[in-house]
Amino acid sequence: MIDLKYLQSHFDEASQKLQKKGVETQTLKKLQTLFVTLKQANQALETLKAEQNSMSRLFGQYKREGKDVTKLKAKVDTNKEAMVPLQEQAREAEAALQEVALGIPNFPDDSVPEGAGEEENVEIRRVLEPREFEFEPLEHWALAEKNGWIDFERGVKLAKSRFSVLRGEAARLERALINFFLDSNATKGFIEQSVPFMSNAAMLQGTGQLPKFEEDLFKIEEENLYLIPTAEVPLTNLYHDEILTAEALPLLMTAYTPCFRKEAGSAGRDTRGMIRQHQFNKVEMVAITHPDQSDAVFEMMVENASDILTALGLPHRVVELCGGDLGFSAARTIDLEVWLPGQNKYREISSISNTRDFQARRAKIRFKDGKKNRLVHTLNGSALAVGRTIVAIMENYQNEDGSIEIPEVLKRYM
RNA sequence: GGACAGUUGGGUGAGUUGGCUGAAACCACACCCCUGCUAAGGGUGCGUGCUCGAAAGGGUACCGAGAGUUCGAAUCUCUCACUGUCCGCCA
């Protein structure tokens, strides 16, 4: 959630920032009006409540002293009547405010480039030269078929479309990658966690998936739980509604989890292969930091993910997302795109975001700064998406006969 | 799934004839005093949000959540959620 006090005191500035993310000024005006209405109603209401409380205290005193209370009772009753409409007004404003405020995305950092969508993202650097092939490199699904690595049909049979089964060496490669990623993250100080793969609604609101993106989530109706779309949800919310000590920061966490996404808006995109599945494995990094630390930690997370790709010998590029491509909660995001020779393009394999205090405000994650409680910064990023790494290894390490080499660093894991 | 019990501040835990309890006491924590000691003792402070205020401080809300009764509710009523124990089932 954005800082509503800041919105009120710097409306034009705030509105301008959110234009980068496509938020209309009108929506913000509405939000501001609701905020002011709520404040005024609350103030008026609290004055009346104060009177009510002091009269009630008097009431008790009169009773004890055996005094007559009929006049006081009349006064109290009148006061009570006066509170009713204000109470209603405050309640409505509060509800309306919540509804609008929870749907407003985070402010992008000032450094975020302008742009409407993906095409306007800014490439920062490339790491590793893509290999020259003396033959036409195949796409991963063709290689999967040749090697018997992925059974798409039976995945569909077991569940539905966009599910698949890994077999034999591919399954072992997946397991090896998960371990390799977790170990690599551990060397950078990320503490491994094993977390629930389901989450309740309050946590999902904390990290920003709810209420706006419910259609992207798999829900267990009878239980009122959701399958997590990313480990960012459980990891960040580990400290939901907590006040941390400043010394505890930064908290660095990593976890392997499957991720479940409905891909509601992606019908027709990447239908072939396992680039876009309803269930995929991912190792995630999450950091909870002091506001002064978050930029440095962000850089470290980008480096870490990039280093892992380098260790695997996978060419990739580092891309700064423009305002229009930025996610709901992110103030800033850097994507790592891995080179896929079969597809002849770079594809996202990691996304690292600094949400600043946006999630912290929603999830009430604070720390003691002297006597004051302040919001932490939260960051998250993949290191890495497992399925897409398998795809990248298949395409980059393929031989002319269709066989696939295993990257050197993974050999001890298999 | 069945039966019973419970849900209070960082922790333990009082408070259930409605007001003087936002909440005793103890522990933990912070600061201070005393003390030639890797101890003990004493003092003070110590929940969160919103709000008014330069600050000191004040107002308001919160004792699992929501609604209700009442001049007034942690304390009474209702609904829901969660936790524990026993039984059943089970990796």
Side-chain angles (χ1 to χ4, degrees), chain A residues 1-9 31-102 194 196-206 210-211 219-226 234 237-249 251 258 288 357-376:
Chain A
M1 194 143 93
I2 59 167
D3 184 353
L4 294 179
K5 278 189 228 166
Y6 170 77
L7 177 73
Q8 202 201 4
S9 57
L31 187 59
Q32 191 189 28
T33 308
L34 284 169
F35 184 63
V36 172
T37 308
L38 178 62
K39 256 177 105 162
Q40 286 170 346
N42 269 339
Q43 250 165 47
L45 191 59
E46 280 184 14
T47 311
L48 291 182
K49 274 183 182 165
E51 287 172 27
Q52 186 80 359
N53 286 343
S54 69
M55 282 193 278
S56 287
R57 268 188 292 264
L58 208 58
F59 199 101
Q61 195 186 321
Y62 279 20
K63 276 275 187 189
R64 252 174 283 123
E65 293 168 356
K67 285 192 190 164
D68 179 40
V69 294
T70 47
K71 271 176 80 178
L72 184 60
K73 170 99 163 72
K75 257 174 89 178
V76 157
D77 283 343
T78 316
N79 196 57
K80 213 180 165 189
E81 297 263 321
M83 277 164 58
V84 173
L86 278 170
Q87 216 140 21
E88 195 48 40
Q89 199 185 345
R91 194 179 303 189
E92 275 170 24
E94 173 77 45
L97 180 82
Q98 283 296 316
E99 195 187 320
V100 179
L102 287 171
S194 180
F197 301 160
M198 294 187 205
S199 170
N200 61 40
M203 301 304 115
L204 284 152
Q205 185 177 103
L210 288 181
K219 184 176 188 184
I220 321 269
E221 283 292 346
E222 323 74 65
E223 293 288 343
N224 250 313
L225 289 170
Y226 299 80
N237 282 298
L238 277 173
Y239 299 95
H240 191 282
D241 200 15
E242 292 196 21
I243 301 171
L244 303 160
T245 60
E247 300 78 57
L249 304 177
L251 285 163
I288 293 179
D357 61 11
F358 185 81
Q359 292 181 325
R361 186 172 291 105
R362 289 177 158 244
K364 303 194 195 78
I365 308 174
R366 294 145 293 169
F367 73 100
K368 278 264 175 246
D369 189 20
K371 289 185 110 174
K372 282 229 159 67
N373 296 326
R374 287 178 65 192
L375 295 169
V376 299

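The basis for the numbers below is simple: all heavy atoms, side chains too, and nothing from hydrogens, waters or symmetry mates. A, B, ... follow the sequence lines: proteins, then strands. Residue 1 opens every chain.
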Just to be sure I understand the rule, does A/Asp77 reach a base, reach only the sugar-phosphate, or reach nothing, if contact means heavy atoms closer than 4.0 Å?
sugar-phosphate
Which base sits across from [N] as a Watson-Crick or G-U pair, both distances under 3.5 Å?
N     : answer
B/G53 : none
B/U38 : none
B/A91 : none
B/A65 : B/U79
B/G18 : none

Could you pull out all residues at least two apart from A/Ala248 that satisfy side-chain contact (heavy atoms from CB on, under 4.5 Å)?
A/Thr245
Grab the CD-C1' distance between A/Gln52 and B/U70 for me, whole Å please.
11 Å
In whole Å, measure the gap between the C1' atoms of B/C34 and B/G41 for me.
8 Å
What interatomic distance, in whole Å, is found between P of B/C80 and the corresponding atom of B/G2?
13 Å
Hits for side chain to side chain donor-acceptor pair (under 3.5 Å) against A/Gln89, two or more places apart or cross-chain, chain-then-number order -> none
Annotated protein contacts, base or backbone, on nucleotides 44-63 of chain B with a non-hydrogen cut-off under 4.0 Å, one of B, S, - each
----SS-SS------BSS--
